[in-house]
Amino acid sequence: MMKVVVTGAGGQLGKELVQLLKDDYHTVHPFTKQQLDITDRNKIEEMLRKIKPDFLINTAAFTQVDTCETDIDNAYLINGIAPYYLACEAKLKKVKFIHVSTDYVFDGNKTVPYLEDDDTDPKTIYGKSKLLGEEFAQVAYEETTIIRTSWLYGHEGKNFVNTIKKLAGSPKEIRVVDDQFGSPTYTKDLGMAIKQLLTRPPGIYHVTNSGSCSWFEFASEIVKCLHSEAIVSPVSTEEYGLATPRPKYSVLSHKKLNSNGIYMRNWQQGLQEYLAKEDDESGN
Ligand SMILES: NC(=O)c1ccc[n+]([C@@H]2O[C@H](COP(=O)([O-])OP(=O)(O)OC[C@H]3O[C@@H](n4cnc5c(N)ncnc54)[C@H](OP(=O)(O)O)[C@@H]3O)[C@@H](O)[C@H]2O)c1
């Protein structure tokens, strides 16, 4: 049985991870933003001194990609500097540190899955600030594990699946970009892999559901699973006109994950379980 602190516990991954760790009878200390602001180094020190956990898992982040472009100071503070504080304090207290990062650290120009040691070249403030967080944490503490994931969705989260679910209830056509490719990832599947990674060597790991698709294919699959009559139409990124660039291709390779004995189910299976659980919870 291990003692685990989870920061960002009010977020979609944080909530799921706390539940999964509790299911395994670990002693979990969840901290929402209100309970622990990760930009407050003194509070981090005090918390680790009191709790003395075995692991510190940071799921907290400034995740609104568009808002990061204008609130640059907060993006770098929360995504870049706070992971440094967490890593420094974890090192001082000899606590293993696990930090969650993103596919946005890559430029999206590859056409085959990104490996952990491929060159990074983020194109957005969100991606740049998250990369800084990775680098700071690793420099501060060699025992850091960085988990890069992508296209995340979890229960009660503000995410693509929940947006399409809402739109699928109305007769309006749903326009979705068909020229950006990635791997949709269910927070439960990511959380299960994070639990396994607690006992693997530190370093960077890519963790997503298996397989890949475009946002259009993802939306079409959601609509199909919901047995909705909604019409999903493909549009190009250019036609859609997003304010902040998104990687064209951000599929992450599982080679390293698999060589550590961890395997991910495909994204369609994750989605089916997610939607079935949502359906149960809504009493349908
Ligand atoms: N969502 C995705 O598609 C995606 C893709 C790739 C990687 N990731 C990474 O995966 C991780 C989890 O993402 P998620 O989707 O679960 O994000 P999320 O739902 O936005 O959760 C992040 C949580 O962090 C909290 N937070 C923000 N600033 C904080 C601070 N200063 N101190 C403490 N907590 C703070 C947020 O609180 P408020 O909401 O109150 O601000 C929120 O509860 C993040 O590292 C993210 O970068 C996400």
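All ligand and atom numbering here is 1-based and tracks the order in the structure. These numbers come from the heavy atoms of this one structure, side chains and all, not from hydrogens, waters or symmetry mates. Quick caveat, the model's predicted, so the values are computed rather than measured.
Between Y126 and Y104, the ring center distance clears the sub-6.0 Å criterion. In this structure, Y153 has its ring center closer than 6.0 angstrom to the ring center of Y186. For W215 and F160, the ring centers sit closer than 6.0 Å to each other.
Counting heavy atoms only, Y126 comes closest to atom 8 (N) of ligand 1 of the residues F62, W151, Y126.
For ligand 1, one of its N or O atoms has an N or O atom of L13 under 3.5 Å away. Between S150 and ligand 1, no pair of N/O atoms sits closer than 3.5 Å. Polar contact with ligand 1: present for D37 (N/O pair, distance under 3.5 Å). For ligand 1, the polar-atom distance check against G11 finds a nitrogen or oxygen pair separated by under 3.5 Å. Polar contact with ligand 1: absent for A60 (N/O pair, distance under 3.5 Å).
Proximity of T7 to ligand 1 is not established, as no heavy-atom distance is less than 4.0 Å.
Applying the salt bridge (Lys or Arg N to Asp or Glu O under 4.0 Å) definition to pairs two or more places apart or across chains, those involving residues 246-256 are D66-R246.
Looking at atom 14 (P) of ligand 1, its nearest protein heavy atom turns out to be Q12 CG, 3.7 Å. Of the protein's heavy atoms, K33 NZ, 3.1 Å lies nearest to atom 41 (O) of ligand 1. Atom 17 (O) of ligand 1 has T63 CG2, 3.4 Å as its closest protein atom, hydrogens excluded (heavy atom only). In this structure, atom 48 (C) of ligand 1 lies nearest to the protein heavy atom L152 CD2, 3.9 Å. For atom 27 (C) of ligand 1, the nearest non-hydrogen atom of the protein is A61 O, 3.3 Å. Looking at atom 45 (O) of ligand 1, its nearest protein heavy atom turns out to be K130 NZ, 2.8 Å. In terms of protein heavy-atom proximity, atom 6 (C) of ligand 1 is nearest to T149 O, 3.2 Å. Scanning the protein heavy atoms around atom 11 (C) of ligand 1, the nearest turns out to be V100 CG1, 3.6 Å.
The nearest pair of heavy atoms linking E89 to E45 is OE1-CG, 3.3 Å.
Contacts between S101 and ligand 1 below 4.0 angstrom, taking non-hydrogen atoms only, involve the backbone exclusively. With a heavy-atom cut-off of 4.0 Å, I78 touches ligand 1 through its side chain alone. At a heavy-atom distance under 4.0 Å, only backbone atoms of L36 (N, CA, C or O) approach ligand 1.
Within the listing of ligand 1, atoms 6 (C), 7 (C) sit less than 4.0 angstrom from a heavy atom of T102.
Between K96 and D54 there is no salt bridge, since no side-chain N of the basic residue sits under 4.0 Å from a carboxylate O of the acidic one. Ionic pairing of E143 and K91 is not present here: no N-O contact between side-chain nitrogen and carboxylate oxygen is shorter than 4.0 angstrom. Of the charged side-chain nitrogens involved, at least one lies within less than 4.0 Å of a carboxylate oxygen, so that R265 and D189 count as a salt-bridged pair. A salt bridge between E221 and K224 is present, with a side-chain N of the basic residue lying under 4.0 Å from a carboxylate O of the acidic one.
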- Query: side-chain contact (heavy atoms from CB on, under 4.5 Å) between L86 and L56: does it pass, once the steps are laid out?
  - Reply: CA-CA 8 Å; L86 291 162; L56 167 61; 4.0 Å; yes
- Would T145 and H99 satisfy side-chain contact (heavy atoms from CB on, under 4.5 Å), going step by step from the backbone distance to the final call? CA-CA 6 Å; T145 291; H99 175 66; over 6 Å; no
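At least one test fails for K277 against the ring of Y274: distance under 6.0 Å to the centre or angle within 45° of the axis.
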